[in-house]
Number of protein chains: 2
Amino acid sequence: MPPMEVGEVGRARAIQVQGMLAVLRHVHAHPATTRARLARDLGLSRGSAAEIIARLHALRLVAESGAEPTGARGRPTRVVHRHDRGPVVAVAELSHESWGVAIAHLGGELCPVRRERHDRPGAPEDVLARMGAALREVQAAYGTRLRAVGIALPGTVSDGRLVAAATLGWRDVDIARGLGIPFSMPVITGNDATMAGVAEARRGSAADAGVALFLTVEVGIGGVLLERGRAATGATGAGGEFGHMPFGDPALPCPCGAHGCWDLEVDGRALARYLEEPPPAAPRTAAGAVLHRARTGDAAARAALDRVAGNLGRGVAGLVNALDPQVVTLSGLAVVIADLAGPAVRAAYLAGLMGFRRRTPPPLVPARFPDDGSMRGAAELAFDAVLSEAGLDEWRRDARDAAG
Amino acid sequence: MPPMEVGEVGRARAIQVQGMLAVLRHVHAHPATTRARLARDLGLSRGSAAEIIARLHALRLVAESGAEPTGARGRPTRVVHRHDRGPVVAVAELSHESWGVAIAHLGGELCPVRRERHDRPGAPEDVLARMGAALREVQAAYGTRLRAVGIALPGTVSDGRLVAAATLGWRDVDIARGLGIPFSMPVITGNDATMAGVAEARRGSAADAGVALFLTVEVGIGGVLLERGRAATGATGAGGEFGHMPFGDPALPCPCGAHGCWDLEVDGRALARYLEEPPPAAPRTAAGAVLHRARTGDAAARAALDRVAGNLGRGVAGLVNALDPQVVTLSGLAVVIADLAGPAVRAAYLAGLMGFRRRTPPPLVPARFPDDGSMRGAAELAFDAVLSEAGLDEWRRDARDAAG
DNA sequence: CGATTATGCTCGTTACGCGAACAAAATCGG
DNA sequence: CCGATTTTGTTCGCGTAACGAGCATAATCG
């Protein structure tokens, strides 16, 4: 069967592709779904579901198992899950402390491949070369099963370039080139907070929310607005830099080039400034230390924490006023701040909300994936490319070439 | 032909509806399109295009004319446009100065029905009753051709209620009930700035932008983020209240209940405060007076204007950092401020942008529809409901009942 | 005025999912 | 233990929409 061409043999072929994609996306969103359930959820007749699943099985995209008694009346149904030789995506994550590479299967399961720690990452070339080597290792291992790559980066990503990464000390890095990825598969690069937000919106704390806001505090604040599981990343992919909104002291210069950014009011730099201590070389580590002091009775640290908590709450309120999410997911230090200084966060949050919102303020909830959210999100975005018309066409073409 | 039922006679029927909707949406987006052009743009064969257009013509949704020589080689093609007895939507707009009702045709053409001015609108019941009467007049005139109603309101709209309207002095008004609309057609209520943004994104200054930001200054700032022509209105429809982000002096209380809102830094209240004059009863009118003074050499007014211009530029920069639009459309007083104090706006705008954005800052452009943008946007959203599967089903059902 | 180009029309063909009918596999209750 | 009931799986004739080849039509070109 040749890949579908627009117009050939009518729109019926387009319907087939839509049916196959609907089933694949259902299996991805609900690993261990059943044939009966997906037929019901997708509004397919049982005959159609059978045929589509057979078609996908022949392409080694899904497999069936089970049909074991459930204790309920009626003929047992079969479980539909990913095929053992089905597509995988590679995901890479870079942070100021380490980098990691994993693969992800249809359904979202992550399998770590490599992780290396680094104190100061040094030159981009070095780190990216090692990451690229790990990715090529994955490609060697999985061959044509590897269909896309997702890369989560700690900074502002615009048009596929890491244009600012304060924690790494990098500026304007061509990531794909640095990784030396020669293969032609889709490569999705994005901000790590944006990707973590996607993971929370699809499988995490915000899975039931049509509109959600994700915020994380590491060095500064990152985040993203999510609508029906999709990140509002803007025209160039750099949306979500809420930390560079002028919620702070306008006299304070920000490393980003602007002044008065929210970033400076909610992280380790803010804590140090409120304690009248010198700016920390490693704001994240310094923040941890101050929070520990606050936890163990240091009054000055406590007061600094309360100020930062107020700044956090007030900024979140402003975003809620502007973007009207149903839920706000917090991650990173934001969760710790909310834990240790909940009343200060909440008071500033409620005070910052427009009056009509105070009756039912969107809840602030902790992330479900605090440690690997950005990898999970990178996997989701990579699978978006795979579970598309173009992705399915490519898979079919490769399957045919392999059979021929 | 009965309305389409999911599953009946295969997905072929679903294909038909998609084809019809694609053609209708094309005609709506491109009034005076041609049969040849829409076949090409939509990837239809000429036979299919002919059949779909015939189907739509039979339903009195579109008509054809022309086929007149164009001077180009080849057989002339026909123009496809709205049917004279096709669907219309009613649009209503309420502002602090007046209210208006119009109808809109497929393709976007607006025809005014009624407009009344009011100095102080008074009780919601009175104004809404008059607007409701005008809408019922439209219903009487158009009968079943009237398919939806769009209503643009000057304040925060959440879950269909006008929960805050500072310029009207209204709070928490049930609009549909106040209008007394008994009919069961879709009624789309929304913020006037949001709707004006939709108009600019689809047919105006931001029509070519995938992601756009719309901002208008009247009393305070309203606006919306737009993605592919759709407004990011949030979970309850209240998104876009950028004026209630804390870009200002945190000590300043805002009528909304929060403090330090951007609203207070960019309108007539800000100008008055900077001039050390009492708060104006009508901030919009007062702003106009100050701008006139600034224009005619009043140094104090000029200085106040420059401060407001800086506040505007700085806040816009923060939104650009966060939302990453391709273009920012300005309307209302924002355009006047940008005209009179362009350098101050631009300087603050560029200074507030993250460094990497300064090379290619999203342009600030004036609205294409400064006077009726919110009505045009209300029409767009009302037609969204009409040009949908449900809307087409309803139209077909009514057409059948009328013929039977 | 024949050649060329572009569009409009006709109609046999293709390919999709539907769903009725039946088969299979479980539990229920007497 | 077995017939009844429920739920799922399989089969296959059916209906339907769009395709596109082939031809007709209507314009401009040289």
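So you know, we letter chains A, B, ... as the sequences are listed, proteins then strands, and number each from 1.
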Seminar exercise, completed: Result for 5'-nearest mapping on DNA chain C, choosing between A/Gly71 and A/Leu44, is A/Leu44
For this session: Would you kindly give the CD1-to-P distance between A/Ile15 and C/dT14, to the nearest whole Å?
Result: 19 Å
For this session: Would you indicate, yes or no, if C/dG19 has its OP1 or OP2 atom less than 4.0 angstrom from a side-chain nitrogen or oxygen of A/Ser48?
Result: no
Exercise. CG/A/Leu226 to CD/A/Gln326 distance, rounded to the nearest 0.5 angstrom?
Worked result: 12.5 Å
Exercise. Quick one: CD on A/Glu109 to CZ on A/Arg376, what's the gap to the nearest 0.5 Å?
Worked result: 9.5 Å
For this session: Please state how far atom CD in A/Gln18 lies from atom C1' in D/dA17, giving the value in whole angstrom units.
Result: 14 Å
Problem set entry | Atom pair CG/CZ of A/Asp384 and A/Arg202 - distance to nearest 0.5 Å | 4.0 Å
Seminar exercise, completed: Sorted by number, residues from residues 34-42 of chain A placing a heavy atom under 4.0 Å from DNA chain D are A/Arg35, A/Ala36, A/Arg40
Problem set entry | Between D/dG20 (C1') and B/Ile52 (CD1): distance, integer Å | 15 Å
For this session: Kindly assign one of parallel, tilted or perpendicular to the pair A/His57 and A/His83, based on the angle between their ring planes and the thresholds 30° and 60°.
Result: tilted
For this session: Output the single nucleotide from D/dA18, D/dC19, D/dG9 whose closest atom is nearest the side chain of B/Arg55.
Result: D/dA18
For this session: Ignoring backbone atoms, test whether B/Thr70 places a side-chain nitrogen or oxygen under 4.0 Å from the OP1 or OP2 oxygen of D/dA27.
Result: no
Exercise. Would A/Thr194 and A/Thr233 count as having a side-chain donor-acceptor pair, cut-off 3.5 Å?
Worked result: no
For this session: May I ask you to decide if the ring planes of B/His28 and B/Phe383 are parallel, tilted or perpendicular, using 30° and 60° as cut-offs?
Result: tilted
Exercise. Around A/Arg230, counting heavy atoms of other residues, nucleotides and ligands shown, do more than 12 lie under 6.0 Å from its CZ?
Worked result: no
Exercise. Rounded to the Å, how far apart are B/Ile53 CD1 and D/dA18 P?
Worked result: 12 Å
For this session: Among the candidates C/dG19, D/dG20, D/dT10, find the nucleotide nearest to the side-chain atoms of A/Ser45.
Result: C/dG19
Exercise. Under the salt bridge (Lys or Arg N to Asp or Glu O under 4.0 Å) test, which residues partner A/Glu227, sequence neighbours left out?
Worked result: none
Exercise. Looking only at atom types and distance, does a side-chain atom of B/Arg368 sit under 3.5 Å from a main-chain N or O of B/Ser205, one as donor and one as acceptor?
Worked result: no
For this session: Could you tell me whether A/Ala49 contacts a base, only the sugar-phosphate backbone, or nothing, with contacts defined as non-hydrogen atoms closer than 4.0 Å?
Result: nothing
For this session: Quickly work out the B/Glu51 CD to D/dG20 C1' distance and round it to whole Å.
Result: 14 Å
Exercise. Between C/dA6 and B/Arg78, is there an OP1 or OP2 to side-chain N/O distance shorter than 4.0 Å?
Worked result: no
Exercise. Can you check the B/His57 NE2 to C/dG8 P distance for me, whole Å?
Worked result: 15 Å
Under 3.5 Å between N/O atoms: give me all the protein pairs with nucleotides 20-25 of chain C, atom names plus distance.
none

Seminar exercise, completed: From the candidates D/dA17, D/dC29, C/dG17, the one with an atom nearest any side-chain atom of B/Arg73 is D/dC29
